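One structure is given below, encoded as structure tokens.
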Amino acid sequence: MRLFTALVPPDEVVEHLDDFLDVRRSAADFRWTSPAQLHLTLSFMADVDDWRLDDLLEGVAAAAARRTPLSLRVTGGGAFPAPVAATVLWAGLDLDGPGG
């Protein structure tokens with residue numbers, strides 16, 4: 001199966017982004033993702049065997065438990081594969097504070 005790891009923003013961040021996008025949704029005929037599906041993709045994993053899933057989940061949970069909260073800000077964005085043929089809109093992010 002194909003998997004990815006992602007950070008899910010806090011509810012108040014999703015609400016703010018949803019409000020920001022609300023007035024822009026009529027600008028193009030996109031199929032917009034529901035706010036509940038907004039996330040920050042960290043990595044893609046292609047072709048993970050089903051039998052590895054439990055170990056993978058344990059490893060990701062252990063890694064996440066060692067991390068501290070992040071403070072990010074949106075610094076730009078774009079469209080993939082190109083603005084005239086967009087299937088994905090993305091936002092550029094910068095870390096605020098340590099590690100940024």
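Note: hydrogens, waters and symmetry copies are ignored here, and every other heavy atom, side chains too, is used. Not measured: the values here are computed from a predicted model.
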Show me the donor-acceptor pairs within less than 3.5 Å that the side chains of residues 7-18 make with the rest of the protein, sequence neighbours left out.
residue, atom, partner, partner atom, Å
Asp18, OD1, Arg25, NH1, 3.1
Asp18, OD1, Arg25, NH2, 2.6

Answer yes or no: is there a donor N or O on one side and an acceptor on the other, between the side chain of Thr87 and the main chain of Phe80, under 3.5 Å? yes
Can you list every pair that meets side chain to side chain donor-acceptor pair (under 3.5 Å) and has a residue in residues 55-68, with sequence neighbours left out? none
Can you check side-chain contact (heavy atoms from CB on, under 4.5 Å) on Thr5 and Met45, steps first, answer last? CA-CA 8 Å; Thr5 57; Met45 295 166 271; 3.5 Å; yes
Any chain of hydrophobic side-chain contacts (each under 4.5 Å) joining Leu42 to Val74? yes
Just do the side-chain contact (heavy atoms from CB on, under 4.5 Å) check on Leu56 and Val48 with the steps written out, would you? CA-CA 9 Å; Leu56 178 63; Val48 175; 4.3 Å; yes
Applying side-chain contact (heavy atoms from CB on, under 4.5 Å) to Leu93 and Leu40, what does each step give before you reach the verdict? CA-CA 10 Å; Leu93 302 172; Leu40 172 59; 3.4 Å; yes
Which pair of non-hydrogen atoms, one from Asp47 and one from Arg2, has the smallest distance, and what is that distance? N-CG, 4.1 Å
If you compare all heavy atoms of Trp32 against all heavy atoms of Arg24, which two are closest, and at what distance to 0.1 Å? CZ2-O, 4.3 Å
Are Val88 and Leu21 grouped together when hydrophobic residues (ILVMFWY) are joined by side-chain heavy atoms under 4.5 angstrom apart? no
Separation of Leu3 CG from Leu53 CG (nearest 0.5 Å): 6.5 Å
Ignoring hydrogens, what is the shortest heavy-atom contact between Ala86 and Ala79? Give both atom names and the distance. CB-CB, 3.6 Å
